[in-house]
Amino acid sequence: MQPLHLRSAGISLVISTHRGEAEISHWGADLGDTLPDLAILNEPIPPSSIDANVSAGLLPQASSAWQGRPGLRGHRITDGVPGFDFSVRLRVVSATTDGSTAGGSTAVVVQSDPDAGITVTSNLTLHPGGLLELKHTVRNDGTSPYQVDELATMLPVAPDAVELLDLTGRWCRERHPQRRSIQQGTWVRTGRHGRTGHDSSLLLAAGTSGFGNRHGKVWATHLAWSGNHEEFADNVADGRTVIGGSELLGPAEVVLQPGEGYTTPALFAAYSDRGLDGISEAFYSWFRSRPHHVGALSGKPRPVVLNTWEAVYFDHNLDTLMELAESAADLGVERFVLDDGWFRGRRDDHAGLGDWYVDETVWPHGLTPLIDAVTSRGMEFGLWVEPEMINLDSDIARAHPEWLVGPSAASHKDGGRLPLEWRQQHVIDLVNPDAWQYIFERMDTLLRENDISYLKWDQNRDLVEHGHAGRASVHEQTLAAYRLFDALRAAHPGVEIESCSSGGARVDLGILERTDRIWASDCNDALERQTIQRWTGMVVPPELVGGHIGPTTSHTTGRTHDLSFRAITALFGHFGMEWDVRSVTGAERGELKRFIGLYKDHRGLIHSGRMVRADVQDESLMLHGVVADESDADTPVGDTAALFAVVKTRTGFAEQTGRVVVPGLDPARSYRVEAIFPSPGDADYGHTFIEATPAPWLASGAEATGLFLGEVGLPMPVLNPEHAILLRFTAL
């Protein structure tokens, strides 16, 4: 059987079958039109080993003597008792590909073990931008139940991948990088939160020594799943390394009856020989090619948002909110979002979740007066909801205690024990069809009866001890939540949905297939956000990442920052504010208006261009920006071809910043470079710089080719810590 060769965007994926099972022989740089006989890759057999080459199969298995992490773990259940036929020996039944097309390349590989009664179908798609998507489906062909303990999706990386980068974090400090050398053994990142988790990796990247933003070879994976999961890198004794991920299944969560199947979450993977920015390009290309993607390419710009949470918290007073709406409209806000506190009994976070009715005591005429005030001023109206959660102090919990998720077969109604509370709330059992239908009907009614264009969909707790009818049910709960999103989107296709989960605890491509943006973190501190947004943006393009200007002093950290630093940070995302903007007056209000106008002028570029992150030697300095997509050679003279932020996070070692190169520009094009924010006269201008005499170009601008800027650079100003400037590059 001939090997399968998928090619797209300078990437090749080769699947060989000459050993009887499917195996990925190459995933990396394009290999051209012609492949040799892959038997030349057969390796010598070392002493004291299996008398054959050991295959790292598309689904690695012990029957091929693979001693690393297996692809499939499970066993049969006969008369209710686990059996001993735990091992499978999969062999290729068929392997087909459509070849390379404008839509990318696809392959379907079917492998089977008739003796074990197991068939696995693997679907691979190499998308036009080079992003690989891989899923497995296992089917029970036997006559007795088969329990799936794990079905993992993994890919080999080249021997020169010697470093591993992943992300971790916590509430208000999501997605911070950590590195380690790849050594023999398995590095596992386990998520047992019942949701993606604040500490989830988002990206697992293996690369050549010292790989960075703009250099080195990188192989990276992401598991598109919003429930329990594992991501791993496995280096076995013979030196081979695989990376991948799997859904982390609880006891007996997936038991296949004869004829039934289980499909893994999609594993998305990218290869780059240009560092991490090349990985981002592959993911961005995939996101932006989706027919339902929002942003500049959809023809509807991402609106400026005002969220009321840090402005009023639970104090829902109509007069106050009307004033806030008036102030927001004056600034140029385009979407006004009413946060938590609008429904029955919701004066704090102890009560009301599950009672999705407008509180008549606070809103005697419903939400209509506020909605009318918002929409009459040209803004969309959005509403906060948390449909997957429930308070014990709620009418619905009192009426249906059996709808509360618990660890035992006995429901709360029948005296069953509940999990520990988290933010005074529990989880409503969406696996229960009656509970699911109730939540759907309440959300559907809210959207039908009110002019709501946007839902901020929160999920404020982990799913610990999560069970349905005495069985672990994170798997089923996650699928039920997906069905809820899907059903509401089908019923209300014009309504956008934001995924918020205690901030950034549910950020993955599974939830992003069903939502239009994520809230990266509950932290609006601009210094923290620089790192959070930078690493979230490794996978998720800026038009899908909510970034807001918070109050002068951060609610979550107590830090105080100038408006320019907060605004420049928020610019490189889906821009908005979470602030009582009624208090913004005088020169500061003028500065805020100017920045909102700046976002509106450049959001088309920010939300369609290439993300560029410079490798800066000075660890106290960050340089990142967006360059016009594809080649900016077509950018008309006088138009903005790129925006970059120069960010000082702390004091530096040297007296001067020195020259900093600006990568990613067209080397053959000439540009005019200007510092456009803050400008002389802005309230923050004097706080931003620490130098006695600035570099002359900072005041008058500079002209240079992209080649010069990328090789020589410009002397950057000496910035005070926790300050930033914004640079505009105009095409000449």
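Quick note: residue numbers are just sequence positions, from 1.
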Check your understanding: How far apart are the C-alpha atoms of T515 and S499, what are their side-chain angles, what is the distance that settles it, and do they pass the side chain to side chain donor-acceptor pair (under 3.5 Å) test?
Key -> CA-CA 6 Å; T515 56; S499 172; 5.0 Å; no
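- Using modelled atom types, one finds no donor on one side chain facing an acceptor on the other under 3.5 Å when comparing D508 with W225.
- For R192, the CZ atom counts as loosely surrounded, since its 6.0 Å shell holds 12 or fewer non-hydrogen atoms of other residues, nucleotides or ligands.
- A side-chain donor-acceptor contact under 3.5 Å links S502 and N460.
- Listed by chain and residue number, nothing satisfies the ring-ring contact (aromatic ring centres under 6.0 Å, His included) test with H222 (two or more places apart in sequence, or in another chain).
- Side-chain atoms of E253 and Q147 form no donor-acceptor pair, as typed in the model, at a separation below 3.5 Å.
- Remark: E231 pairs with no residue by the salt bridge (Lys or Arg N to Asp or Glu O under 4.0 Å) rule, at least two apart or across chains.
- The line from CG of L430 to CD of Q477 is 4.5 Å long, rounded to the nearest 0.5 Å.
- Looking at S8, its side chain does come within 3.5 Å of a backbone N or O of P128 through a donor-acceptor pair.
- Below 30°, between 30° and 60°, or above 60°: for W356 and F343 the angle between ring planes is between 30° and 60°, a tilted geometry.
- In this structure, R195 forms a cation-pi arrangement with W422, its terminal cationic atom sitting closer than 6.0 Å to the ring centre and no more than 45° off the ring axis.
- With hydrogens and angles ignored, the 3.5 Å screen pairs a side-chain donor or acceptor of S394 with a backbone N or O of A397.
- E513 has its side chain out of reach of L509: every pair of non-hydrogen atoms, C-beta onward, lies at least 4.5 Å apart.
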Exercise for review: Evaluate salt bridge (Lys or Arg N to Asp or Glu O under 4.0 Å) for D359 paired with R347, printing each intermediate quantity in order.
Suggested key: CA-CA 10 Å; D359 193 329; R347 305 283 64 78; 2.9 Å; yes
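- A donor atom on one side chain and an acceptor atom on the other are found under 3.5 Å apart for D98 and T106.
- Between the side chains of E578 and H555, no donor N or O sits under 3.5 Å from an acceptor N or O.
- Between E496 and R302, the closest side-chain pair of non-hydrogen atoms falls below 4.5 Å.
- In this structure, a donor-acceptor pair under 3.5 Å is absent between the side chains of S453 and E380.
- Of the inter-residue distances, the one linking Q425 atom CD with N391 atom CG reads 6.0 Å to the nearest 0.5 angstrom.
- When only modelled atom types and interatomic distance are considered, H136 and S122 share a side-chain donor-acceptor pair under 3.5 Å.
- Within the 4.5 Å cutoff, no side-chain heavy atoms of L267 are placed close to those of K135.
- Two residues are said to be in side-chain contact when any heavy atoms from C-beta on lie closer than 4.5 Å; V385 and K456 fail this criterion.
- Residues Q424 and H350 form a side-chain contact, since some pair of their non-hydrogen atoms from C-beta on lies under 4.5 Å apart.
- Residue I390 holds its CD1 atom at 10.5 Å from CG of D429, rounded to the nearest 0.5 Å.
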**Study point:** Verdict with supporting geometry, R517 and H574, side chain to side chain donor-acceptor pair (under 3.5 Å)
**Key:** CA-CA 8 Å; R517 124 175 173 154; H574 181 189; 3.1 Å; yes
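- We find the CD1-OH distance between I511 and Y482 to be 5.5 Å, quoted to the nearest 0.5 Å.
- A side-chain donor from one of E247 and Y262 sits under 3.5 Å from a side-chain acceptor of the other.
- Contact check for M538 versus L202: no side-chain heavy atoms found under the 4.5 Å cut-off.
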Practice item. I would like to know whether H127 and T125 meet side-chain contact (heavy atoms from CB on, under 4.5 Å); could you show each step before the answer? Key: CA-CA 6 Å; H127 292 282; T125 301; 3.6 Å; yes
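- Shown here is K600, whose NZ atom has more than 12 heavy atoms of other residues, nucleotides or ligands within 6.0 Å.
- Remark: the backbone N or O of E260 is not paired with any side-chain donor or acceptor of N140 at under 3.5 angstrom.
- In this structure, the separation between CZ on F314 and CH2 on W309 is 4.0 Å, given to the nearest 0.5 Å.
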Exercise for review: Show your working on side-chain contact (heavy atoms from CB on, under 4.5 Å) between V405 and L463 and close with a plain yes or no.
Suggested key: CA-CA 9 Å; V405 167; L463 278 58; over 6 Å; no
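- Of the residues listed (R344, H316, R346), the one engaging V362 in a side chain to side chain contact (heavy atoms under 4.5 Å, CB included) is H316, and it is the only one.
- Counting heavy atoms of neighbouring residues, nucleotides and ligands inside a 6.0 Å radius, atom NE2 of H365 does not exceed 12 of them.
- Side-chain contact between T368 and L370 is absent, with no heavy atoms from C-beta onward closer than 4.5 Å.
- With no hydrogens or angles considered, no side-chain donor-acceptor pair links E174 and W535 at under 3.5 Å.
- Put simply, CZ on R288 and CD on E281 are 10.0 Å apart, with the number rounded to the nearest 0.5 Å.
- In this structure, a donor-acceptor pair under 3.5 Å is present between the side chains of T190 and E230.
- A donor atom on one side chain and an acceptor atom on the other are found under 3.5 Å apart for D199 and H193.
- Contact of the L404 side chain with the L392 side chain is registered, since non-hydrogen atoms from C-beta on lie closer than 4.5 Å.
- A donor-acceptor contact closer than 3.5 angstrom links the side chains of T536 and R175.
- Between the R461 side chain and the V427 main chain, no donor and acceptor come within less than 3.5 Å of each other.
- No hydrogens or angles considered: nothing links the side chains of Y313 and T308 as a donor-acceptor pair under 3.5 Å.
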